[in-house]
Amino acid sequence: MYRTIALRTNQHAVAQTGKSLLLKNDECEQFFGASLLMSVLKFPWIRMYWSQPTRIAAVADAFTRDRFHFIRGHLKVVNDVDVTDEQKKDRLWKVRPLVESVRSGCLQQERPPQVSIDEQMIPFMGKTTLKQYVPGKPHPEGLKNFVLASPRGLVLDFEVYQGKKLDDGGAEGKPWTVGESVVMRLVQTLVPGTSVYFDRYFTTSRLLEQLEARGLHGTGTIKKNLVPKEAKLPTERELAKRGRGTSVCAVRSDDAVAFTAWQYRKMILLGLTEHGVEPSDTCKRYQKTSRSYIDVTRPAVVKAYNANMGGVDLNDRMIAHYRSSARTRKWTVKTILHFFDLSAVNAWLLYQQDAEEAGIKGAEMMKFLQFKYALAMQLLKGISSDGSSHSSSGSSDVEEPDGPDPKKRRRATVPMPSPARLRSGKHLPKCHPRKEFKRCRKPGCHQQTGMECRRCKIFLCCRPDRDCFHQFHEGGSNV
């Protein structure tokens with residue numbers, strides 16, 4: 001993927017400016033390593049990573065500030081010229097290779113017996129036809145991503161929303177709703193017997209029936225107007241009179257689908273094909289009127305739903321802790337960085353599983369902050385996945401068009417020597433040609449000179465009428 005991004009970014013730069021970025025595979029890795037490191041350090045202004053008081057050597061030594069911005073501004077995954085009109089019907093065609101690469105890694109993960117499906121937002125405030133508004137989310141504006149995840153937050157599959165895709169619903173001839181069609185596509189890789197949990201956005205009686213026909217168990221909260229009248233569940237007012245913790249379950253005549261109403265702060269409705277009210281248990285909940293915790297009876301279906309439904313939200317929370325931010329108008333850049341963050345969270349969760357299997361205790365495991373920092377430093381140092389390292393100017397498979405060499409970096413200013421070093425008495429001048437002349441470093445002198453102190457590595461005048469070399473070293477203790 002780094003090779004593809006480097007190649008397409010160079011092609012885009014040539015098309016826009018007439019010059020190639022000469023971006024190589026290892027520098028592309030370093031760019032994403034720097035982005036991950038910035039997400040961990042969270043400086044409020046991106047220029048601070050190159051400013052002297054707050055300079056971060058791992059980033060500033062990898063590339064200059066302007067080159068970092070230039071790479072990010074030309075970041076591409078596909079060559080627009082090679083994309084056909086048919087392929088452009090896919091609204092994600094600009095990032096499709098990266099999306100499929102991340103998705104293929106998710107599909108290779110082991111399927112647990114319980115999974116959940118929920119929405120995830122890719123924050124973006126700019127203009128794009130893909131942008132959605134989902135109230136109640138921490139970032140309500142952006143691209144909407146439907147995610148299949150394990151209870152621990154490991155992403156197993158996902159689908160970025162592009163608009164309504166209504167497929168045939170079966171014998172009745174009624175099209176699927178958006179929620180139903182998303183669930184039916186995401187569960188295709190699950191093995192029979194898996195329990196699937198989702199919220200009221202997805203749940204319908206027909207969806208539960210179709211899942212049961214595939215050997216999958218479905219459980220989800222459901223809207224009032226989607227509960228069949230034949231269930232004859234009590235109204236919210238009637239259930240509230242019975243007290244907090246009361247639950248009622250209605251099973252359809254063919255025993256295929258059941259509906260449960262539970263009185264908590266308000267009535268909660270669930271549609272299910274696996275769990276029921278029994279065996280119920282009690283849970284501690286705070287009561288405002290008495291200002292104390294009380295025991296509330298909880299049905300088995302509510303306990304199972306709470307235990308297994310939060311996987312997507314957990315993954316989203318981990319991404320939000322150290323999100324790779326970029327103030328950009330390009331939705332493609334936001335999407336690319338989001339999926340790198342998602343991959344980092346998945347990698348950390350897999351590391352946790354391997355550590356537990358190896359008998360590593362919790363205190364000895366790397367926290368997510370430590371893991372993402374180590375991952376960023378590994379990419380910045382140019383260490384490949386097999387552990388081999390390569391130099392910053394190493395070989396590249398990127399096709400580079402003819403063009404000028406990259407702009408040379410400005411040589412760092414040599415610090416002034418300490419007084420003890422000045423008094424050591426081992427200072428000899430070195431003569432440079434005219435084109436290498438630099439300003440004299442003696443305080444008060446601003447002349448250009450070609451004489452450099454071999455020990456101090458600084459330029460000083462050495463002339464009969466201006467002997468800064470001798471004066472500087474003699475008065476070193478006062479500098």
**Ring center gap for Trp262 and Tyr264 short of 6.0 angstrom** = yes
**Request:** State whether Lys76 and Asp80 are salt-bridged, where the test is any N-O pair (Lys NZ or Arg NE/NH1/NH2 against Asp/Glu carboxylate O) under 4.0 Å.
**Result:** yes
**Message:** Can you see whether Glu212 engages Thr273 through a side-chain donor-acceptor pair at a distance of less than 3.5 angstrom?
**Reply:** yes
**Item:** With sequence neighbours excluded, residues passing ring-ring contact (aromatic ring centres under 6.0 Å, His included) with His217
**Value:** none
**Prompt:** Could Asp199 and Lys223 be called an ion pair, given the rule that one side-chain N must be under 4.0 Å from one carboxylate O?
**Reply:** no
**Message:** Using modelled atom types and a 3.5 Å cut-off, is there a donor and acceptor pairing between side-chain atoms of Lys330 and backbone atoms of Gly73?
**Reply:** yes
**Prompt:** Are the charged groups of Glu159 and Arg185 less than 4.0 angstrom apart, N to O?
**Reply:** yes
**Asked** Any ion pair linking Arg96 and Glu100 (charged N to carboxylate O, less than 4.0 Å)?
**Response** yes
**Asked** What about Phe31 and Phe68, are their ring centers closer than 6.0 Å?
**Response** yes
**Message:** Just verifying a value: how many Å separate Leu107 CG and Gln188 CD, rounded to the nearest 0.5 Å?
**Reply:** 10.5 Å
**Asked** Donor-acceptor pair, Arg47 side chain versus Arg65 backbone, under 3.5 Å?
**Response** no
**Request:** Identify the heavy atoms of Trp348 and Met318 that sit nearest to each other, and give their distance.
**Result:** CZ3-CE, 3.7 Å
**Asked** Between the main-chain N or O of Arg323 and the side-chain N or O of Asp341, is there a donor-acceptor pair closer than 3.5 Å?
**Response** no
**Prompt:** Gln120 and Lys144: side chain to side chain contact (heavy atoms under 4.5 Å, CB included), yes or no, with the steps?
**Reply:** CA-CA 6 Å; Gln120 181 184 77; Lys144 185 161 62 174; over 6 Å; no
**Request:** Please examine the side chains of Glu141 and Gln132, heavy atoms only from C-beta on, and report whether any two atoms are closer than 4.5 Å.
**Result:** no
**Request:** Please check if the side chain of Gln210 supplies one atom and the backbone of Leu207 the other of a donor-acceptor pair under 3.5 Å.
**Result:** no
